[in-house]
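See structure below.
Heavy-atom basis, side chains included; hydrogens, waters and symmetry copies ignored. Note that the numbering runs from 1 along the sequence shown for the chain.
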Amino acid sequence: MIAISHQRSEQFGLCPDSRPDFSPVSGADLSHLVEQNRLLYSHAVPAMETLYQQIANTHNMVLLTDAQGVIVHSLGDADFLEKANRVALTPGVAWSEESKGTNAIGTAIAERVPTTVHADQHFLSANHFLTCSAAPITDHRGNVVGVLDVSGDRRSFHKHTMALVRMSALMIENQMFAATFENAITLHFHTRPEFIGTLMEGIASFSPGGRFLAANRNGLFQLGLSYPALQAHTFSSLFGLPVSALYDHYRTAAPGLLDLCMHNGVRVCGRAELRLTNGVHVLTGAFDDAPQAAALSQPAAKAATRRLSGLRYLNTGDPQLEQVIDKVNRVLGRDVPILIMGETGTGKELLAQAIHNDSPRAQGPFVAVNCASIPETLIESELFGYEDGAFTGARKKGAVGRILQANGGTLFLDEIGDMPYPLQARLLRVLQERMVTPLGSGKSIPVNVELICATNHNLRRRIAEGLFREDLYYRLNGLVVKLPPLRERTDLETVVRKILASETDAAGNSRHSISDEVLRLFRRHKWPGNFRQLTNLLRTAAIMAGDDDEIGLRHMPDDFLDDIADAPATPAAQPAIAAGGNLEEMELAAIVRSLEANDGNVSATARALGVSRNTIYRKLPHLK
């Protein structure tokens with residue numbers, strides 16, 4: 001690729017030893033250029049600041065260009081700026097191949113792929129002291145709209161730089177996509193559920209009636225079709241599910257991830273949301289299956305956020321959970337902040353949503369903020385909002401923060417223990433004064449929210465470590481409740497039935513039950529992932545069971561059986577064990593008999609006995 005780029009550079013009439021034109025465009029033209037690329041600029045600058053923090057003090061700088069390679073914004077180390085100025089790595093200077101020959105920015109635009117150009121790979125000798133990594137930024141149609149680049153001294157080259165640039169470019173693309181397609185159904189999907197919500201997920205947007213609008217880069221890749229080919233498709237033709245069924249899914253008490261089959265036969269998990277023009281994201285909820293849904297009013301949007309789940313639906317017979325629900329019911333509507341403790345996956349957000357739905361504020365918004373997932377540099381503007389011009393890259397008309405979005409409703413701060421320490425003081429002031437001051441504004445706005453927080457940390461320990469403010473802790477812990485982990489709950493069978501009931505067939509009927517053998521294994525399992533782990537396991541098992549009414553050991557994934565590899569044989573296997581002999585002899589006899597019954601198939605034997613294949617091989621090493 002470098003050799004071909006050098007050939008192009010020669011065709012442009014450039015000479016390696018010539019001094020290139022380093023003159024930038026005028027200040028007025030640069031301002032006009034930034035305005036022309038406002039969407040790119042506003043979403044790229046925060047990502048650039050985050051990227052720069054990761055490479056600070058490494059003799060590097062971060063650059064953003066438009067589609068023609070003209071730099072529109074830069075961030076750099078002071079000790080590198082003097083060298084950078086020599087070759088005009090400054091806003092307003094063009095770095096296309098036509099202007100500068102082979103370089104990461106221009107070559108990335110020409111080749112439309114992430115590109116690293118190191119040292120003397122640059123066509124111009126003047127640039128040989130540089131090492132540059134650039135990734136093109138594309139819109140939903142696949143058109144290059146800009147380039148993100150890290151340039152630095154050749155001695156500072158690091159192979160991980162390109163990975164950081166590519167991830168940041170993908171983040172910018174996804175944020176631009178989200179801002180472009182409002183008033184639309186947006187589906188986040190991937191073959192692996194743990195990748196939903198990450199940069200690896202596919203994103204596709206549809207009109208409220210189901211017509212395809214656009215997909216991001218990963219979405220196009222997973223769908224396996226070009227943008228023009230997708231224009232003829234609908235949500236139903238691509239994912240095998242009518243839009244009406246999608247809406248019905250989110251009318252259930254506790255909607256989980258969607259199980260979808262794409263047009264190419266590949267199964268994916270998905271999470272849908274409705275994006276509204278005012279920027280409020282309805283993550284789950286019922287809304288009308290009609291084109292008019294694009295023009296939802298604010299009251300309709302509030303109604304859309306409500307789930308049918310309430311506290312009584314969560315009470316499935318476990319005494320510990322029943323005690324939690326009883327405590328919560330006593331403080332509903334009393335303006336008492338609630339702090340939910342519990343391990344990851346125990347259902348803290350589900351409990352918070354149920355509290356909101358049963359509270360007098362149920363008609364108001366429910367706004368959830370994960371304090372651990374928002375970059376530290378962005379969380380302040382995310383929570384409090386900002387005015388026009390509050391910081392570099394701020395939206396022209398500013399933005400409403402999450403706290404103000406929750407006004408009149410419930411604000412749920414998840415992972416509160418991971419909130420940056422300097423921001424905790426400002427949150428405390430907002431909670432005490434009931435006033436929010438957006439960044440860049442001198443005006444305070446009254447706010448009235450019900451506060452629910454959640455964490456998997458021991459906050460008292462975080463206080464002792466100097467990571468959490470003691471005064472904020474005592475402001476948040478009006479009522480502290482702890483959700484028990486799944487391994488300690490006594491209602492496991494009821495929970496399993498409820499999860500299976502949510503896994504319906506095409507006709508909307510639940511058809512799977514679970515065998516006693518599997519339930520016995522479930523009761524022995526430690527469930528480190530809690531309900532998230534159980535839900536994914538049951539969803540997979542239901543798919544594996546297919547037309548079988550009952551889910552048995554043969555439908556369990558191998559990794560689950562590996563987790564209980566050292567457990568004794570299940571009670572169901574005990575009748576096969578002959579009387580007499582010591583425990584080891586009885587185990588070997590059971591394994592040999594099961595092997596004979598399964599014609600020597602080790603996998604089938606392991607499933608029948610409720611152990612892993614490794615256990616069989618360990619007991620009978622001659623089988624290896």
Any chance you could measure Leu492, atom CG, to Leu519, atom CG, to the nearest 0.5 Å?
-> 6.5 Å

Side-chain touch Val369/Asp414, heavy atoms, less than 4.5 angstrom | no

Check for a donor-acceptor pair, side chain of Arg402 on one end and backbone N or O of Val367 on the other, with a separation under 3.5 Å.
-> no

Hey, mind stepping through Phe206 and Val243 against side chain to side chain contact (heavy atoms under 4.5 Å, CB included) and telling me if it holds?
-> CA-CA 10 Å; Phe206 301 83; Val243 176; over 6 Å; no

Relative to the ring of Phe366, is the ring of His356 parallel (under 30°), tilted (30 to 60°) or perpendicular (over 60°)?
-> tilted

Check whether any side-chain heavy atom of Ile543 lies under 4.5 Å from a side-chain heavy atom of His555, and answer yes or no.
-> no

Find out whether Phe522 and Leu538 are in side-chain contact, i.e. whether some heavy atom of one side chain is under 4.5 Å from a heavy atom of the other.
-> yes

Donor-acceptor contact below 3.5 Å, side chain Arg489 vs main chain Pro484 | no

Atom CE of Met435 with >12 non-hydrogen neighbours under 6.0 angstrom = yes

Without swapping roles, check the side chain of Gln363 against the backbone of Gly408 for a donor-acceptor pair under 3.5 Å.
-> no

Which distance, rounded to the nearest 0.5 Å, do you find between the CE of Met167 and the CD1 of Ile172?
-> 12.0 Å

Write down the atom of Leu483, the atom of Val324, and the distance for their closest heavy-atom approach.
-> CD2-CG1, 4.4 Å

Quick one: CE on Met176 to OG on Ser42, what's the gap to the nearest 0.5 Å?
-> 8.0 Å

Those residues that, when tested against Arg361, pass salt bridge (Lys or Arg N to Asp or Glu O under 4.0 Å) (two or more places apart) | Glu450

Verify whether one side chain among Glu415 and Asn370 offers a donor that lies under 3.5 Å from an acceptor in the other.
-> no

Pairing of Arg267 and Asp259 as salt bridge, 4.0 angstrom limit | yes

Under 3.5 Å, which donor-acceptor pairs link side chains of residues 191-199 to any protein atom two or more places apart or in another chain?
unit_1, atom_1, unit_2, atom_2, d
Arg192, NE, Glu194, OE2, 2.8
Arg192, NH2, Glu194, OE2, 2.8
Thr198, OG1, Phe195, O, 2.6
Thr198, OG1, Met200, N, 3.2

Under a 4.5 Å cut-off applied to non-hydrogen side-chain atoms, are Ile416 and Phe468 in contact?
-> yes

Return each pair, listed once, that meets side chain to side chain donor-acceptor pair (under 3.5 Å) where at least one residue sits in residues 459-469; pairs must be two or more places apart or across chains.
-> Arg469-Asp471

Kindly confirm or rule out a cation-pi arrangement of Arg271 over Phe189, judged by NZ or CZ under 6.0 Å from the six-membered ring centre and within 45° of its axis?
-> no

Enter the distance from Tyr474:OH to Leu459:CG here, rounded to the nearest 0.5 Å.
-> 11.0 Å

Within the side chain of Lys348, is there an N or O that forms a donor-acceptor pair under 3.5 Å with the backbone of Glu343?
-> yes

How about Arg524 and Leu521: do any of their side-chain heavy atoms sit closer than 4.5 Å?
-> yes

Does a donor on one side chain sit under 3.5 Å from an acceptor on the other, for Thr344 and Asn456?
-> yes

Walk me through it: do Ile452 and Leu339 pass the test side chain to side chain contact (heavy atoms under 4.5 Å, CB included)?
-> CA-CA 6 Å; Ile452 304 176; Leu339 178 61; over 6 Å; no

Taking it one step at a time, do Gln222 and Asn218 satisfy side-chain hydrogen bond (donor to acceptor under 3.5 Å, both in side chains)?
-> CA-CA 6 Å; Gln222 292 191 58; Asn218 283 335; over 6 Å; no

Got a donor-acceptor contact below 3.5 angstrom from the Asn216 side chain to the Gly202 backbone?
-> no

Describe, in one word, how the ring planes of His525 and Trp527 are oriented to each other, choosing from parallel (under 30°), tilted (30 to 60°) and perpendicular (over 60°).
-> perpendicular

Is a donor on one side and an acceptor on the other found under 3.5 Å between the side chain of Asn329 and the backbone of Ile325?
-> yes

Heavy atoms, side chains only, cut-off 4.5 Å: are Leu187 and Leu258 in contact?
-> yes

Of all the heavy-atom pairs spanning Pro438 and Val436, show the shortest one and how long it is.
-> CD-O, 3.6 Å

Salt bridge or not for Arg434 and Asp335, using N-O below 4.0 Å?
-> yes

Could you please spell out the steps behind the side chain to side chain contact (heavy atoms under 4.5 Å, CB included) verdict for Ile445 and Asn407?
-> CA-CA 10 Å; Ile445 305 171; Asn407 194 22; over 6 Å; no

Value rounded to 0.5 Å, distance of CZ in Phe177 from OG1 in Thr186 = 6.0 Å

State whether the side chain of His188 and the backbone N or O of Glu273 hold a donor-acceptor pair below 3.5 Å, judged by distance alone.
-> no

Give the intermediate values and the outcome of side chain to side chain contact (heavy atoms under 4.5 Å, CB included) for residues Val495 and Leu534.
-> CA-CA 9 Å; Val495 169; Leu534 175 63; 4.0 Å; yes

Heavy-atom closest contact (Leu213 atom, Ala184 atom, distance) = CD1-CB, 3.9 Å

Okay, side chain of Ser207, backbone of Arg211: is any donor-acceptor separation there less than 3.5 Å?
-> yes

Grab the two heavy atoms, one from Leu404 and one from Pro446, that are nearest each other, plus how far apart they are.
-> CD2-O, 4.4 Å

Backbone N or O of Ile338 within a donor-acceptor pair of the Asn477 side chain at under 3.5 Å?
-> no

Check whether any side-chain N or O of Thr535 sits under 3.5 Å from a backbone N or O of Arg532 as a donor-acceptor pair, and report yes or no.
-> no

